[in-house]
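Beneath this line is the structure, given in structure tokens, with notes to follow.
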Number of protein chains: 2
Amino acid sequence: MSNLSHGMRIGGKLSGARPTMKDVASRAGVALKTVSRVVNGEPGVTPATATRVLDAIKDLGFRRNESARLLRTGRTSALGFIADDFSDCDTARLCREIEEVAIEHGMLLFTGSTDREPEREQGLAMSLTARRVDGLIILPTPGEHAYLAAEIDAGTATVFVLRPPTGVEADTVLVDERGGARRAVAHLIAHGHRRIGFLGSDPRQYRSRQLMQGYAAAMAEAGLVAEDSWTTLTPQRLADSPVTAVFCAGREHTTAALRALAVPGAGPGALSRPVAIVGFGDFDLADFVRPGLTVVTYDPAEVGRKAAELLFRRLDGEDGLDGLPATSRRVEVPTRLIPRGSGEIPGPR
Amino acid sequence: MSNLSHGMRIGGKLSGARPTMKDVASRAGVALKTVSRVVNGEPGVTPATATRVLDAIKDLGFRRNESARLLRTGRTSALGFIADDFSDCDTARLCREIEEVAIEHGMLLFTGSTDREPEREQGLAMSLTARRVDGLIILPTPGEHAYLAAEIDAGTATVFVLRPPTGVEADTVLVDERGGARRAVAHLIAHGHRRIGFLGSDPRQYRSRQLMQGYAAAMAEAGLVAEDSWTTLTPQRLADSPVTAVFCAGREHTTAALRALAVPGAGPGALSRPVAIVGFGDFDLADFVRPGLTVVTYDPAEVGRKAAELLFRRLDGEDGLDGLPATSRRVEVPTRLIPRGSGEIPGPR
DNA sequence: TTGTACGCGTTATCAC
DNA sequence: GTGATAACGCGTACAA
């Protein structure tokens with residue numbers, strides 16, 4: 001029974017029900033397959049019948065049900081992107097770029113936020129693979145990712161970004177945070193700083209660990225020994241610490257440092273102590289911020305594009321034979337140091 | 001023929017092929033429907049057989065194909081969100097909130113960027129409705145939206161955000177940009193400004209028009225007459241214009257104004273002319289920017305939540321009887337003025 | 001050139 | 001309790 005028996009007719013058109021190929025076929029007085037041919041632009045249809053079909057399609061307002069088609073063909077032409085939080089501007093930029101590549105390949109993009117909760121990540125990943133997305137790009141939570149092995153094995157192309165996964169082998173796009181921190185701290189040292197702090201140390205977070213390693217490397221290369229109190233800094237202790245410069249492991253730490261050092265009521269630019277601030281992650285108006293803010297950044301779009309390209313390389317059958325995937329690739333995206341005068345010991349000018 | 005005949009066995013497990021309910025059924029020695037019952041937690045299955053089925057599911061690594069299920073049930077449990085550009089931080093925040101509500105309702109979210117191109121919007125919207133998404137949230141491009149009427153009529157719950165659509169009636173969530181601009185300009189007037197400019201006037205853009213109306217209202221209320229040159233300001237002309245304050249219609253204009261007025265090489269804080277700057281849209285470190293930056297903002301999350309709630313209200317059958325939808329609602333979200341000392345005529349302190 | 005029969009993986013309707 | 005069988009909307013052999 002056609003669904004055209006449902007829905008109500010309003011002015012000859014239908015409301016509340018979608019016509020199917022069957023409906024189009026019966027209206028045009030042809031077989032299902034003929035409609036299919038016309039819709040898919042396949043050859044072997046008389047212009048006359050094609051016109052009849054086209055008219056029926058127009059009359060009925062028929063639009064092919066892509067879900068049904070994709071069930072049949074076995075592909076969904078959809079990708080999933082799972083990340084901590086899409087309201088983070090880097091993540092948003094990354095997402096945008098993935099989407100761009102996806103569109104180029106005729107694919108749509110699902111998105112989901114984990115809030116860094118492994119359970120949420122797993123829930124999202126499972127929901128997406130249950131829909132048989134063709135590919136998955138994941139900014140992994142700190143948790144375990146062995147649960148994805150079966151899906152990858154079953155054919156879901158999977159790429160991790162920004163953090164390496166745990167318990168599973170897969171293509172990964174990382175950022176050279178270590179190198180960035182190393183150069184940033186070396187920059188501070190070159191400008192005369194010796195007592196350099198690290199704000200935002202958190203061994204549980206991958207990026208923080210990488211940055212800390214870069215910090216440690218730069219200090220060691222200069223023959224400097226970091227005291228414990230410098231590397232376990234908090235915004236509260238910053239004002240009373242002996243450091244003359246501080247490396248901040250993220251935007252939230254950079255702003256916290258600025259606020260901690262700001263003199264209440266004195267207006268922007270006035271610091272209670274002359275501490276040079278270098279942070280990971282740039283800000284929109286950073287060049288108008290006082291004191292000067294040197295930053296280390298990377299290009300999220302580059303990460304997104306690289307990840308999407310790795311994904312499509314898998315999808316386009318570059319993997320090995322018979323489900324034995326090619327060995328997983330690991331790409332690293334560079335960081336950039338943007339000096340903004342915080343190299344020197346700052347002070348009111 | 002079951003697909004288990006394909007794929008290669010590795011250690012008793014399968015690779016490259018996904019087991020179906022049929023496979024589970026034959027392995028557990030039960031009928032298809034019984035598996036379905038177990039998977040869906042339906043009653044009427046002996047604990048013994050249930051266990052057999054569950055074991056088979058585990059052995060095979062079976063995971064229900066959601067696409068197939070949704071084809072059968074007629075719903076996709078998916079929403080679509082179409083916007084200008086997801087790398088915009090407001091859009092990203094909005095998206096996050098929509099996603100949050102979607103997850104609460106057990107739905108997944110498709111996202112797509114239009115870059116303000118009507119063709120891209122239409123392409124995305126059509127792709128999404130072709131997949132029969134249950135709902136669509138759209139930040140409309142300047143183009144025509146009559147093409148969506150058929151989809152809305154066919155049952156796709158649709159909500160527009162931030163800009164009203166053209167050529168179609170639907171639920172819409174807007175921002176009180178007009179009121180925001182009005183209060184901001186009144187604020188400047190209250191602080192003694194008389195020659196107030198408007199930067200970023202663009203009659204083609206909805207927001208710009210709204211802001212301009214608010215600007216005009218505030219000026220009129222104070223008995224001030226804006227000269228043409230004040231309202232057709234460009235960053236280049238700003239430094240040589242007679243205005244003592246300028247209202248910027250967006251972040252890009254605010255930054256442009258700052259850069260236009262900055263004295264090269266003089267460091268942040270120094271302006272070539274003492275112009276008070278008020279802008280639409282806040283910045284992360286705005287309170288550390290010199291000169292002070294007063295802004296008008298709104299909460300993107302509020303827009304997202306309201307939009308999603310309107311959507312689900314439709315979906316949960318709050319519409320009228322038999323496809324006659326309830327009259328479309330129009331919600332307005334407030335704006336907020338954050339004064340940061342740019343009310344007074346600024347100058348080097 | 002056009003049509004028939006079947007399958008994709010699931011749910012729904014009925015029997016048994 | 002359990003199981004054939006028919007849908008859902010579409011693609012694809014293969015026949016006519």
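Naming convention: chains lettered A, B, ... in sequence-line order (proteins, then strands); numbering from 1 in each chain. Nothing here was measured: the structure is a model prediction, and the numbers come from that model.
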To the nearest angstrom, how far is [X] atom [atom1] from [N] atom [atom2]?
X     : N      : atom1 : atom2 : result
A/E42 : D/dG11 : CD    : C1'   : 8 Å
B/L70 : C/dT11 : CG    : P     : 9 Å
B/L71 : D/dG11 : CG    : P     : 12 Å
A/M21 : D/dT12 : CE    : C1'   : 12 Å
A/E66 : D/dG9  : CD    : C1'   : 12 Å
B/R63 : C/dG9  : CZ    : P     : 15 Å
A/R69 : C/dG9  : CZ    : C1'   : 17 Å
A/R52 : C/dT1  : CZ    : C1'   : 12 Å

Quick one about [Y] and [X] (side-chain donor to acceptor, distance below 3.5 Å, no hydrogens or angles considered), yes or no?
X      : Y      : value
A/E144 : A/T166 : no
B/H145 : B/Q122 : no
B/R131 : A/N65  : no

Original post:
Which residue pairs satisfy the salt bridge (Lys or Arg N to Asp or Glu O under 4.0 Å) criterion with at least one member in residues 69-86 of chain A, sequence neighbours excluded?
Top reply: A/E66-A/R69, A/R75-A/D134, A/D84-A/R116, A/D84-A/R163, A/D85-B/R96

Subject >> Side chain to side chain, A/E99 and A/T111, heavy atoms closer than 4.5 Å >> reply: no

Original post:
Below 3.5 Å, does any donor atom in the side chain of B/R72 face an acceptor in the base of C/dA12, or the other way round?
Top reply: no

Report, one pair per line, the protein and nucleotides 1-4 of chain D atoms (nitrogen or oxygen only) whose separation is under 3.5 Å.
| residue | atom | partner | partner atom | Å |
| --- | --- | --- | --- | --- |
| D/dG1 | O3' | B/T46 | OG1 | 2.7 |
| D/dT2 | OP1 | B/T46 | OG1 | 2.9 |
| D/dT2 | OP1 | B/T49 | OG1 | 3.3 |
| D/dT2 | OP2 | B/T46 | N | 2.8 |
| D/dT2 | OP2 | B/T46 | OG1 | 3.3 |
| D/dT2 | OP2 | B/T49 | OG1 | 2.9 |
| D/dT2 | O4 | B/R37 | NH2 | 3.3 |
| D/dG3 | OP2 | B/A31 | N | 3.0 |
| D/dG3 | OP2 | B/T34 | OG1 | 2.6 |
| D/dG3 | O6 | B/R37 | NH2 | 2.8 |

Original post:
Nearest of C/dC8, D/dG11, C/dT10 to any side-chain atom of B/R64?
Top reply: C/dT10

Original post:
Below 4.0 angstrom from OP1 or OP2 of C/dT11, is there any side-chain N or O of B/N40?
Top reply: yes

Subject >> N or O in side chain of A/S36 less than 4.0 angstrom from D/dC10 OP1/OP2 >> reply: no

**OP:** Only counting residues at least two apart or in another chain, list the ones meeting side-chain hydrogen bond (donor to acceptor under 3.5 Å, both in side chains) with A/T172.
**Re:** none

Original post:
Listed by chain and number, what are the side-chain hydrogen bond (donor to acceptor under 3.5 Å, both in side chains) partners of A/S127, not counting sequence neighbours?
Top reply: none

**OP:** For a side-chain contact (heavy atoms from CB on, under 4.5 Å) with B/F160, tell me which candidate from B/I82, B/L148, B/L139, B/L310 qualifies.
**Re:** B/L148

Subject >> For A/F62, ring pair (Phe, Tyr, Trp, His ring centres under 6.0 Å) partners two or more places apart >> reply: none

**OP:** State, to the nearest 10°, the angle formed by the axis through the first five base pairs of the helix from C/dT1-D/dA16 to C/dC16-D/dG1 and the axis through its last five.
**Re:** 40°

